[in-house]
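Report on one structure; see the data block that follows.
Order of the sequence lines fixes the chain letters, A, B, ..., with proteins taken first and strands second; residue numbering starts at 1 for each chain. Only this structure's heavy atoms are used, side chains among them; waters, hydrogens and symmetry mates stay out.
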Number of protein chains: 2
Amino acid sequence: MQKQESLSKNQQIIFDFIEKAKEPLKAYSILFNVQKKGIKAPLQVYRALDKLVEIGKIHKIESRNAFIACKNSNCEVSNATIFSICNKCENVSEINNLKLSKYLTNFEDDTGMQYNKYNLEFFGLCKKCKAK
Amino acid sequence: MQKQESLSKNQQIIFDFIEKAKEPLKAYSILFNVQKKGIKAPLQVYRALDKLVEIGKIHKIESRNAFIACKNSNCEVSNATIFSICNKCENVSEINNLKLSKYLTNFEDDTGMQYNKYNLEFFGLCKKCKAK
DNA sequence: TACACAATGTTATATTATAACAATTAATTA
DNA sequence: TAATTAATTGTTATAATATAACATTGTGTA
Ligand SMILES: [Zn+2]
Ligand SMILES: [Zn+2]
Ligand SMILES: [Zn+2]
Ligand SMILES: [Zn+2]
């Protein structure tokens with residue numbers, strides 16, 4: 001079977017919902033909201049999420065257990081992610097900084113370990129919250 | 001109240017256990033193992049973990065929901081963490097790379113956001129697992 | 001068509017984490 | 001030292017996140 005081009009029914013439903021959202025969504029919040037579309041069980045959500053993460057359409061924000069659509073054409077595969085997270089308003093956005101991503105992709109430590117993936121999360125206060 | 005110098009009883013018990021471990025430990029695994037010391041409930045573990053993370057004695061590996069002792073004198077406060085994670089043997093170690101940590105600490109994006117913390121996790125195959 | 005694999009449906013359960021409230025211990029300061 | 005305040009502990013219950021196991025259905029390929 002060739003590499004999948006299109007999403008399956010459940011994958012599409014769940015991706016559409018995440019894509020429309022302005023903030024990262026939690027699995028059970030997604031479940032609650034797509035029940036009208038016929039998705040009834042957590043596992044149906046988690047399976048779709050797993051696949052969407054795998055193919056890079058969405059990313060998991062590990063520190064929040066939440067999922068966000070990829071808006072970065074540079075990371076069609078989800079092996080190199082950088083996020084900016086506001087600790088006050090919980091706004092999350094994907095950072096698209098070529099210099100930084102190159103730096104990280106090329107990073108080598110002294111242990112001989114071979115890296116094929118990384119996830120970086122920056123925390124702080126966004127401009128709005130800082131002003132308050 | 002001044003900044004705490006010494007750990008409380010529960011904090012010490014749980015820190016000792018994590019410190020002796022060679023791999024990151026999960027909260028309920030810790031709970032199971034310290035029950036003989038009189039710690040009976042999840043909340044007792046989570047409270048100690050929260051405090052230990054806050055003061056930088058341990059770190060949470062977000063992608064694994066597990067905790068590891070800090071072995072890096074550079075990050076007595078847990079606001080700047082970099083980990084190396086083997087996806088096969090699950091070995092985790094803290095990376096102490098001054099150049100990289102400086103680069104990240106000084107990182108600024110174009111949104112005017114002010115960062116005071118970051119967490120970076122690299123994934124791949126360690127030397128051992130690569131050889132197999 | 002026959003095969004292999006991906007995706008779905010369903011029920012139950014495992015794992016991770018917090019709420020709420022009462023009691024106790026330790027540091028501060030008057 | 002006594003009163004005050006903050007940190008820590010103990011305890012029960014429950015919330016939130018995630019996976020196991022198994023049967024079935026869809027989909028692309030040979
Ligand atoms: Zn992305
Ligand atoms: Zn904000
Ligand atoms: Zn550390
Ligand atoms: Zn390994």
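When the shell of 6.0 Å around NZ of B:Lys102 is examined, it contains 12 or fewer heavy atoms from other residues, nucleotides or ligands. Around CD of A:Glu90, the count of heavy atoms belonging to other residues, nucleotides or ligands within 6.0 Å exceeds 12.
At the phosphate of C:dG9, OP1 or OP2 sits under 4.0 Å from a side-chain N or O atom of A:Lys9. Side-chain nitrogen and oxygen atoms of A:Asn65 include at least one within less than 4.0 Å of the OP1 or OP2 phosphate oxygen of D:dA18. In this model, the phosphate group of C:dA26 is not approached by any side-chain N or O of B:Ser8 to a distance below 4.0 Å at OP1 or OP2. Distances shorter than 4.0 Å separate some side-chain N or O of B:Asn10 from OP1 or OP2 on D:dG10.
Remark: C1' of D:dA16 and CZ of A:Phe67 are 13 Å apart, rounded to the nearest angstrom. Per the geometry, CG belonging to A:Leu7 stands 16 Å off P belonging to C:dA6, to the nearest Å. Spacing between atom CG of B:Asp50 and atom C1' of C:dA19 amounts to 14 Å, rounded to whole angstrom units. Rounded to whole Å, the distance from NZ on B:Lys51 to C1' on D:dA7 is 7 Å. Protein atom CG of A:Leu49 is 15 Å distant from nucleotide atom C1' of C:dT8, rounded to whole Å.
Side-chain N/O atoms of A:Tyr118 and A:Thr81 include no donor and acceptor closer than 3.5 Å.
Ring geometry, A:Phe107 versus B:Phe122: the interplanar angle falls under 30°, so the pair is classed parallel (tilted spans 30 to 60°).
Applying the side-chain hydrogen bond (donor to acceptor under 3.5 Å, both in side chains) test to every pair with at least one member in residues 16-43 of chain A, sequence neighbours left out, gives these pairs: A:Gln12-A:Asp16.
Placement of B:Leu7 and B:Leu25 within a single hydrophobic cluster is found when ILVMFWY residues are connected by side-chain heavy-atom separations under 4.5 Å, directly or transitively.
Of the residues in residues 23-47 of chain B, those lying under 4.0 Å from DNA chain C by heavy-atom distance are B:Lys26, B:Tyr28, B:Leu43, B:Tyr46.
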